[in-house]
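Have a look at the structure below, then the notes.
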Amino acid sequence: MLLIDLARTSAAVTASSARLAKTAHLAELLGRVEPEEAEIAIAYLSGELPQRNVGVGWTSLQDPPEPRLAATATLRGVHDLLDRIKALAGPGSQAARRALVSELFGALTRQEQVFLSRLLRGELRQGALEGVMIEAVAKAAGVPAAEVRRALTLRGWLPAVGAAALGGGVEALRAFHLEVGHPVSPMLAQSAASITAAFDKLGGPVAVEWKLDGVRVQAHRSGDRVTVFTRALEDITTQVPELVEAMSTLPSRDLVLDGEVIALRADGRPEPFQVTSGRVSSRTDVPRAREKTPLSVFFFDALRVDGADLLDLPGEARHAALAAAVPPELVTPRLVTGDVADGEAFFKDVIRSGHEGVVVKSLLTPYAAGRRGAGWIKVKPRHTLDLVVLAAEWGSGRREGRLSNLHLGARDPLTGGFVMLGKTFKGLTDELLAWQTERFLGIAEGPTDGWTVTVRPETVVEIAFDGVQQSSRYPGGMALRFARVIRYRTDKTADQADTVDMVRSLML
DNA sequence: TTCCGACAGTGGGGTCGCAAT
DNA sequence: ATTGCGACCCCACTATCGGAA
């Protein structure tokens, strides 16, 4: 199959807004792809690469060579060239990579260049990724979508699952099983604003668990072999020896557990996320990193214990298996209750002990990848500040032509100026985007680089955020974590905005 | 007919490793 | 030694479609 076939299908998918029509376009293409190229086609049309990454990003794709007029590139040919690009390493590799990227793009038509460039940047923008592709695979293979989803949970990689479905139908999908050493798609949580809201969504007794601000881990053990994966299913086994040792000392030799690793201080309180993240990312001198920043692990779910697959069991049954397989100090603290007041009290305790929040879990739902089922709901406290907009950046995609990303500043009583604390584009409705575009163009003042519009600092906006973190990027040495817009405070002037001292007191 | 679950899109800050400067 | 890039960790929120109620 030719790359142009995919580029054309992608264009058709982009052009139709209805998801059923997108599905139909994708399924039509899957109906005529050769089995050997099915995996590549499914990956590309759901915004993925079979290589996962190839070391080519936004900057490397700035100046593509002149396009060809005739489309001749095959899927296999493009795939193989990307393999070669990924394999490059060592001195001179960046020049070699540039040369190969140039060779690759020089053999493509304009339409193919656009498609591949978007794919490599991770911005397909066709309104269809994995979720729509699941439906398309089901349609093309003539199998129920639920079978595809089930296999995807177990295999964690849709291109492989899709190719199997196209080749062997339901039978091939049913052949996917939990395999120790091969990661499963992790179950994710929705969020709620309060404990009450979370209880209301689930109904009946629930489990309320600590939510630790660390890194999600899925730990596998088969005999003496332990493997650890992140939420995105990256293998980080060599970076977390503490977890490998913990798994190795457990009595069960056949295990798949779900949990979180986190760096704790000597007094048991959590280090900032930055510390845990840095530790988990360290690969060059793990023993030294470990000595300086030891990791603790807390498990909260069991997917397999002693040869028994538990994914389809209710949450409580899985937790019982976990509690039987793991010593209590390795189990995430939790409370099972039907009483909202008990849940609230537990939540307050967790926050007091310095942790991020809680996850409220149904006792009944099976382990399912993605957000389906809504069996897990996270609740975190929320801070707010009234800050001043210092500048705004032009948006892209569906926000093209609108001022979108806001630069936020706190008042500095000493200088009478403002100290930038970060940016946000979140929480804005279409109506608000239109309003702020007009407003900020009206008060634009100072340097403008075609990307950022500096404005007179006189617009106050209420911002919600999760916390204040240390920053080397901003002049105040701090930045807001997960900042989002609540509303504009048109009733306030800039001299009524919150101060840097208030922000500093939150960092502690 | 209305409601709501699932998705895709739009980007945020921080860290590490690597190659180039 | 420093800088730039890519990849990945954490992520919130709105608009939209289409099936569920």
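Proteins come first, then strands; the chains are lettered A, B, ... in the order of their sequence lines, and each starts at number 1. Since this is a predicted model, take the numbers as computed values, not measurements.
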Would you mind classifying the nucleic acid contact of Ala128(A) as base, sugar-phosphate or nothing, using non-hydrogen atoms under 4.0 angstrom? sugar-phosphate
Given dC11(C), dT10(B), dC9(C), which nucleotide is nearest the side-chain atoms of Phe273(A)? dC9(C)
Which part of the nucleic acid, if any, lies within reach of Lys426(A) when heavy atoms closer than 4.0 Å are counted: base, sugar-phosphate only, or nothing? base
For the side chain of Ser281(A), counting heavy atoms from C-beta on, which of dC16(B), dA15(C), dA8(B) is nearest? dC16(B)
Just checking Asp430(A): base, sugar-phosphate only, or nothing, at a heavy-atom cut-off of under 4.0 Å? sugar-phosphate
Contact list for DNA chain B against residues 352-361 of chain A - heavy-atom distance below 4.0 Å: none
Measure from CE on Met187(A) to P on dA6(B) and round the result to the nearest Å. 10 Å
Please figure out whether Arg125(A) or Ala479(A) has its closest DNA chain B nucleotide nearer the 5' end. Arg125(A)
Which nucleotide in the list dT16(C), dC10(C), dA8(B) gets nearest to the side chain of Arg398(A)? dT16(C)
At their closest point, which heavy atom of Gly375(A) faces which heavy atom of Thr365(A), and how far apart are they? CA-OG1, 3.6 Å
Roughly, in whole Å, what's the span from CZ in Arg399(A) to P in dG11(B)? 6 Å
Interatomic distance where CG belongs to Asp285(A) and P belongs to dC18(B) [whole Å]: 13 Å
Identify, with sequence neighbours excluded, every residue that meets side-chain hydrogen bond (donor to acceptor under 3.5 Å, both in side chains) alongside Arg398(A). Asp430(A)
Side chain of Asn53(A) only, please: which of dA7(C), dG12(B), dT15(B) is the nearest? dA7(C)
Keeping the roles fixed (side chain from Thr437(A), backbone from Leu403(A)), state whether a donor-acceptor pair exists under 3.5 Å. yes
Nearest heavy-atom contact between Ala497(A) and Arg411(A) is O-NE, 2.9 Å
Quick note, salt bridge (charged side-chain N to carboxylate O under 4.0 Å, His left out) partners involving residues 128-144 of chain A, not counting sequence neighbours, are Glu135(A)-Arg149(A)
Between dC11(C) (P) and Lys378(A) (NZ): distance, integer Å: 5 Å
Considering just the side-chain nitrogens and oxygens of Ser277(A), establish if one lies under 4.0 Å of OP1 or OP2 belonging to dT15(B). no
Closest-nucleotide ordering on DNA chain C, the 5'-leading residue of Gly55(A) and Arg216(A): Gly55(A)
Sugar-phosphate, base or nothing in reach of Val56(A), heavy atoms under 4.0 Å: sugar-phosphate
Do the side-chain N or O atoms of Ser60(A) get closer than 4.0 angstrom to the phosphate oxygens (OP1, OP2) of dG6(C)? yes
Would you indicate what Thr424(A) reaches in the nucleic acid, counting non-hydrogen atoms under 4.0 angstrom: base, sugar-phosphate, or nothing? nothing
Would you indicate what Val132(A) reaches in the nucleic acid, counting non-hydrogen atoms under 4.0 angstrom: base, sugar-phosphate, or nothing? sugar-phosphate
Determine whether the aromatic ring centres of Phe229(A) and His220(A) lie less than 6.0 Å apart. yes
Which is true for Val13(A) with a 4.0 Å heavy-atom rule: it touches a base, it touches only sugar-phosphate, or it touches nothing? nothing
side-chain hydrogen bond (donor to acceptor under 3.5 Å, both in side chains) pairs, two or more places apart, involving residues 227-244 of chain A: Asp235(A)-Thr237(A), Glu242(A)-Arg279(A)
What contact category does Lys380(A) fall into here, base, sugar-phosphate, or nothing, at under 4.0 angstrom with non-hydrogen atoms? sugar-phosphate
With respect to the phosphate group of dA7(C), does any side-chain polar atom (N or O) of Lys86(A) fall under 4.0 Å of OP1 or OP2? no
With sequence neighbours left out, the residues meeting salt bridge (charged side-chain N to carboxylate O under 4.0 Å, His left out) with Arg484(A) are Asp466(A)
Sugar-phosphate only, base, or nothing, as touched by Arg283(A) at under 4.0 Å among non-hydrogen atoms: sugar-phosphate
What residues, two or more places apart in sequence or in another chain, satisfy side-chain hydrogen bond (donor to acceptor under 3.5 Å, both in side chains) together with Thr23(A)? none
Round to a whole Å and report the spacing from CG of Leu129(A) to P of dC17(C). 16 Å
Close N/O contacts between protein and nucleotides 19-21 of chain B (under 3.5 Å):
| from | atom 1 | to | atom 2 | distance (Å) |
| --- | --- | --- | --- | --- |
| dA19(B) | OP1 | Gly90(A) | N | 2.4 |
| dA19(B) | O4' | Gln94(A) | NE2 | 3.4 |
| dA20(B) | OP1 | Gly92(A) | N | 3.1 |
| dA20(B) | OP1 | Ser93(A) | N | 3.4 |
| dA20(B) | OP1 | Gln94(A) | N | 3.3 |
| dA20(B) | OP2 | Gly92(A) | N | 2.9 |

Quick test of your reading: applying side-chain hydrogen bond (donor to acceptor under 3.5 Å, both in side chains), list the pairs with at least one residue in residues 117-128 of chain A, sequence neighbours left out, ordered by first then second residue. Ser10(A)-Gln126(A), Ser117(A)-Arg121(A), Arg125(A)-Ser396(A)
Within the structure shown, what part of the strands sits under 4.0 Å from Ser404(A) by heavy-atom distance: base, sugar-phosphate, or nothing? sugar-phosphate
The Watson-Crick or G-U wobble partner of dC7(B), with both key distances under 3.5 Å, is none
Pair up each side-chain donor or acceptor in residues 498-508 of chain A with any protein partner under 3.5 Å, not counting sequence neighbours, and list the distances.
| from | atom 1 | to | atom 2 | distance (Å) |
| --- | --- | --- | --- | --- |
| Asp498(A) | OD2 | Asp386(A) | N | 2.8 |
| Thr499(A) | OG1 | Met502(A) | N | 3.4 |
| Asp501(A) | OD1 | Arg504(A) | NH1 | 3.4 |
| Ser505(A) | OG | Met502(A) | O | 2.6 |

Note: Arg382(A)-Glu356(A) ion pair, threshold 4.0 Å (strictly below): no
Most 5' of Ser471(A) and Gln126(A) on DNA chain B, judged by nearest nucleotide: Gln126(A)
Residue list, ring pair (Phe, Tyr, Trp, His ring centres under 6.0 Å) with His355(A), at least two apart or on another chain: Trp210(A)
Donor + acceptor pair across side chains of Asp258(A), Tyr367(A) (<3.5 Å): yes
Taking the minimum atom-to-atom distance to the side chain of Arg231(A), which one of dT10(B), dC7(B), dC10(C) wins? dC10(C)
Which part of the nucleic acid, if any, lies within contact of Lys211(A), taking any heavy atom under 4.0 Å across all strands shown: a base, the sugar-phosphate backbone alone, or nothing? sugar-phosphate
Measure from the side-chain heavy atoms of Glu234(A) and tell me the nearest of dC9(C), dG6(C), dG12(B). dC9(C)
Look at Arg402(A) and dT14(C) and indicate whether a side-chain polar atom (N or O) is within less than 4.0 Å of OP1 or OP2. no
Quick one: label Glu123(A) by what it contacts on the DNA or RNA (base, sugar-phosphate, nothing), any heavy atom closer than 4.0 Å. nothing
Quick one: side-chain hydrogen bond (donor to acceptor under 3.5 Å, both in side chains) partners of Lys361(A), sequence neighbours excluded? Glu209(A)
Atom pairs under 3.5 Å: protein N/O with N/O of nucleotides 18-21 of chain C:
| from | atom 1 | to | atom 2 | distance (Å) |
| --- | --- | --- | --- | --- |
| dG18(C) | OP1 | Arg19(A) | N | 2.9 |
| dG18(C) | OP1 | Leu20(A) | N | 2.8 |

Among dT16(C), dC7(B), dG13(B), the one nearest Tyr474(A) by side-chain distance: dG13(B)
